[in-house]
2 protein chains.
Amino acid sequence: MEGTNPPLEGAHVTATDDLIDRLPEPPEALAPATSQAERVADMLRVFVIDGALAPGTRLSEERLSRKYGVSRNTLREAFRLLSRERLLVHQMHRGVFVNRPTSEDVRDLFSARRTLEIPAVRGARDACDRAVAAVGSAVAEGQAARAQADWWAMGTANMHFHRALAGLAGSARINEFMSQVLAETRLVFHVMNAPEQFHAPYLDWNRRIHQRLTERDADTAAVELSRYLDTSEEQLVTAFTAMERRADGR
Amino acid sequence: MEGTNPPLEGAHVTATDDLIDRLPEPPEALAPATSQAERVADMLRVFVIDGALAPGTRLSEERLSRKYGVSRNTLREAFRLLSRERLLVHQMHRGVFVNRPTSEDVRDLFSARRTLEIPAVRGARDACDRAVAAVGSAVAEGQAARAQADWWAMGTANMHFHRALAGLAGSARINEFMSQVLAETRLVFHVMNAPEQFHAPYLDWNRRIHQRLTERDADTAAVELSRYLDTSEEQLVTAFTAMERRADGR
DNA sequence: ATTGTGGGATTGTTGAACAATACTTCAATC
DNA sequence: GATTGAAGTATTGTTCAACAATCCCACAAT
């Protein structure tokens, strides 16, 4: 071995603070490391939204805690999280139940959606392209689902579409709130035992709205969306009140 | 005692189901009977919003549970509730802290407020009178507070004013979300150690907006509100970033 | 000044215990 | 026969004590 390894020019350079500041951010504030309660909540959330746990179902603390290998206390923490999201409702000394929305809830949900979605669409002029693109991919997702006749996926795509619309507002808090509202809306379909084809006719509507958005015709898009919400709400409320009458008139 | 008490004509009539249905509803679904965790959460919420617990403060499970005579588990349930409201933030294995919003949060909060408030005002034409009246009484509340030079109450009145604006949308879910957004906004003032007179100049602005509303000139009211939000946000963000620079440039 | 290396403090989670409340069952009454 | 009353049972509300996992801090070593 002739000669020595040339020492690297300027080896052992400590990174300046400047450089460090320029480093990419960690994905999520450096691995938030979810707690057990949050993991259980995540799992239950999926069950509720997908309908594995039907609205009105009571969740027994003891059985669930044994089934999923967590203590009752931990499970209760999870319940609290989901209650705040309105997916579960907590009744003192009676337990927690999967939320079963009423027709009044349906009206309120649509009222909230109007407030969130329509202004977002109307102000879409200065929304970032990334947000508009999200709307487009939700449309594509819906069409793919229809091609496969996967009705549940179509419903999911529809939710994504409307979440993307609210996303045009560009506020993280609005986004999260909208997600909750849509999750609760999904419960409505479970309560009704809605035929999953329910969403089918709305796909074209979504496509048209997105079309308007790409044409930068936000106002027309907003008008179409408004009509969409009106008819969708009416259809739901009608079906819902009929079901409610059937239920308590016996 | 002469004679017998005449039996009441038709005494012991059982109420028909019809009659029972017509009975007034109980105030709140028949005494929801709050749990201990909720009571603790209510208490802590007030502390946080009023600033008795400053942003960034860490809440020790052991000390708080001993101080308020509840178990750690119960206290943790309360923490979960408040974390979902973004008043506390939970860091795994580190504990819970009073949320300390950043300038980015301020921008997001105002973005959310724009989405919630402006459309509500613009659509105020078909808002119920009761909701408009709430706006008026918030204005009055602010003027009363100014008369007494009670600056903290002025801030509260300002919050009530904007909550009332969002209330014009007429959705319970929107109302609750708005309350959360405003509570978090209040934290911003605590972070800044804002002089409480901060709110003073906005009182007249509020009065003007309300004036427009009573005149049924919703569009002008919306424009004024939009300007209000712009200037308020700018003022806050400016002060905020200055403070942040001071803090981490040291 | 930076990097290991403890020890101490705090949180995460569990299991068991008990009180308080709701539900169920069945007998007694009108 | 339907309603009321009074058991007993099941479930939730809450506490307590324990232990593992993790973080924080001070101090020594380089």
Side-chain angles (χ1 to χ4, degrees), chain A residues 11-17 19-20 26 28-44 56-84 88-98 250, chain B residues 7-8 10-17 19-20 26 28-44 53 56-84 88-98 250:
Chain A
H12 186 2
V13 174
T14 45
T16 63
D17 291 351
L19 178 62
I20 290 176
E28 288 280 324
L30 203 55
T34 81
S35 75
Q36 190 115 251
E38 288 171 66
R39 278 194 301 267
V40 172
D42 290 343
M43 182 184 61
L44 292 178
T57 307
R58 177 162 159 279
L59 302 182
S60 158
E61 292 188 355
E62 197 211 334
R63 275 194 290 171
L64 276 184
S65 68
R66 243 177 322 117
K67 175 156 179 100
Y68 296 114
V70 299
S71 76
R72 272 182 64 208
N73 288 320
T74 301
L75 186 65
R76 285 169 62 90
E77 284 190 12
F79 282 171
R80 295 291 187 179
L81 294 177
L82 296 173
S83 299
R84 266 244 159 266
L88 304 181
V89 292
H90 190 144
Q91 290 187 37
M92 189 70 165
H93 286 126
R94 298 197 358 100
V96 298
F97 303 78
V98 178
R250 151 17 24 123
Chain B
L8 277 62
H12 184 2
V13 174
T14 43
T16 63
D17 291 352
L19 177 62
I20 289 178
E28 289 281 323
L30 204 54
T34 81
S35 76
Q36 190 120 238
E38 288 171 67
R39 277 194 302 267
V40 172
D42 289 344
M43 182 183 61
L44 292 178
L53 292 169
T57 306
R58 176 162 158 280
L59 302 182
S60 159
E61 292 187 355
E62 196 212 335
R63 274 194 291 171
L64 276 184
S65 67
R66 243 177 322 116
K67 175 155 178 98
Y68 296 114
V70 299
S71 76
R72 272 182 63 208
N73 290 323
T74 300
L75 185 65
R76 286 169 61 91
E77 284 189 13
F79 283 171
R80 296 290 187 179
L81 294 177
L82 295 173
S83 299
R84 268 245 155 263
L88 304 181
V89 291
H90 191 145
Q91 289 185 37
M92 189 69 166
H93 286 128
R94 297 198 355 100
V96 298
F97 302 78
V98 179
R250 178 260 292 243

S.K.: Among residues 36-44 of chain A, which contact DNA chain D at a heavy-atom distance under 4.0 Å?
M.R.: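 Result for residues 36-44 of chain A: none.
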S.K.: Nearest whole Å is fine: how far is D/dC23 C1' from B/Met92 CE?
M.R.: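 Rounding to the nearest Å, CE of B/Met92 and C1' of D/dC23 are 12 Å apart.
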S.K.: When rounded to the nearest 0.5 angstrom, what distance separates CG in B/Leu82 from CZ in A/Arg80?
M.R.: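 Between atom CG of B/Leu82 and atom CZ of A/Arg80 there are 11.0 Å.
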S.K.: Nearest whole Å is fine: how far is C/dT13 P from A/Arg80 CZ?
M.R.: 17 Å
S.K.: Between P on D/dT15 and OH on B/Tyr68, what's the gap in Å once rounded to a whole number?
M.R.: 15 Å
S.K.: To the nearest 0.5 Å, tell me how far A/Leu75 CG sits from A/Arg63 CZ.
M.R.: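 Output value for this atom pair is 12.5 Å.
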S.K.: Just to be sure I understand the rule, does A/Leu75 reach a base, reach only the sugar-phosphate, or reach nothing, if contact means heavy atoms closer than 4.0 Å?
M.R.: nothing
S.K.: Grab the CZ-C1' distance between B/Arg76 and C/dT14 for me, whole Å please.
M.R.: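 That distance rounds to 12 Å.
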S.K.: Return the minimal non-hydrogen interatomic distance between B/Leu44 and B/Leu53, and the atom names on each side.
M.R.: CD2-CD1, 4.3 Å
S.K.: Could you write out each protein N or O paired with an N or O of nucleotides 16-20 of chain D at a distance under 3.5 Å?
M.R.:
from, atom 1, to, atom 2, distance (Å)
D/dC16, N4, B/Asn73, ND2, 2.6

S.K.: A/Glu61: which residues meet the salt bridge (Lys or Arg N to Asp or Glu O under 4.0 Å) condition with it, sequence neighbours left out?
M.R.: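 A/Arg72, A/Arg76.
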S.K.: Do you know which two heavy atoms are closest between B/Ser35 and A/Met92, and how far apart they sit?
M.R.: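 Smallest heavy-atom distance, with atoms named: CA-CE, 3.7 Å.
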S.K.: Using the test side chain to side chain contact (heavy atoms under 4.5 Å, CB included), find all partners of B/Ala78 that sit at least two apart in sequence or belong to another chain.
M.R.: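 Side chain to side chain contact (heavy atoms under 4.5 Å, CB included) list for B/Ala78, sorted by chain: B/Val40, B/Ala41.
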S.K.: For D/dT12 and A/His90 - does any side-chain N or O of the residue sit under 4.0 Å from the phosphate oxygens OP1/OP2?
M.R.: no
S.K.: Rounded to the nearest 0.5 Å, how far does OG of B/Ser60 lie from CZ of B/Arg66?
M.R.: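 With rounding to 0.5 Å, CZ (B/Arg66) is 8.0 Å from OG (B/Ser60).
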S.K.: At under 4.0 Å, does any side-chain N or O of B/Thr74 touch on OP1 or OP2 of D/dT15?
M.R.: yes
S.K.: B/Arg39: what forms a salt bridge (Lys or Arg N to Asp or Glu O under 4.0 Å) with it, not counting sequence neighbours?
M.R.: none
S.K.: Please tell me if the side chains of A/Val98 and A/Leu88 come closer than 4.5 Å, counting only heavy atoms from C-beta onward.
M.R.: yes
S.K.: Determine whether A/His90 and A/Phe79 make a side-chain contact, defined as any pair of heavy atoms from C-beta on separated by less than 4.5 Å.
M.R.: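 In short, these two side chains do not touch, never coming nearer than 4.5 Å.
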S.K.: Rounded to whole angstrom units, what separation is found between the CD atom of A/Glu77 and the C1' atom of C/dG12?
M.R.: 9 Å
S.K.: Between protein and nucleic acid, restricted to nucleotides 5-10 of chain C and to nitrogen or oxygen atoms under 3.5 Å apart, what atom pairs and distances do you find?
M.R.:
from, atom 1, to, atom 2, distance (Å)
C/dT10, O3', B/Arg58, NH2, 2.4

S.K.: Nearest 0.5 Å, please: how far is CZ in A/Arg84 from OG in B/Ser83?
M.R.: 11.0 Å
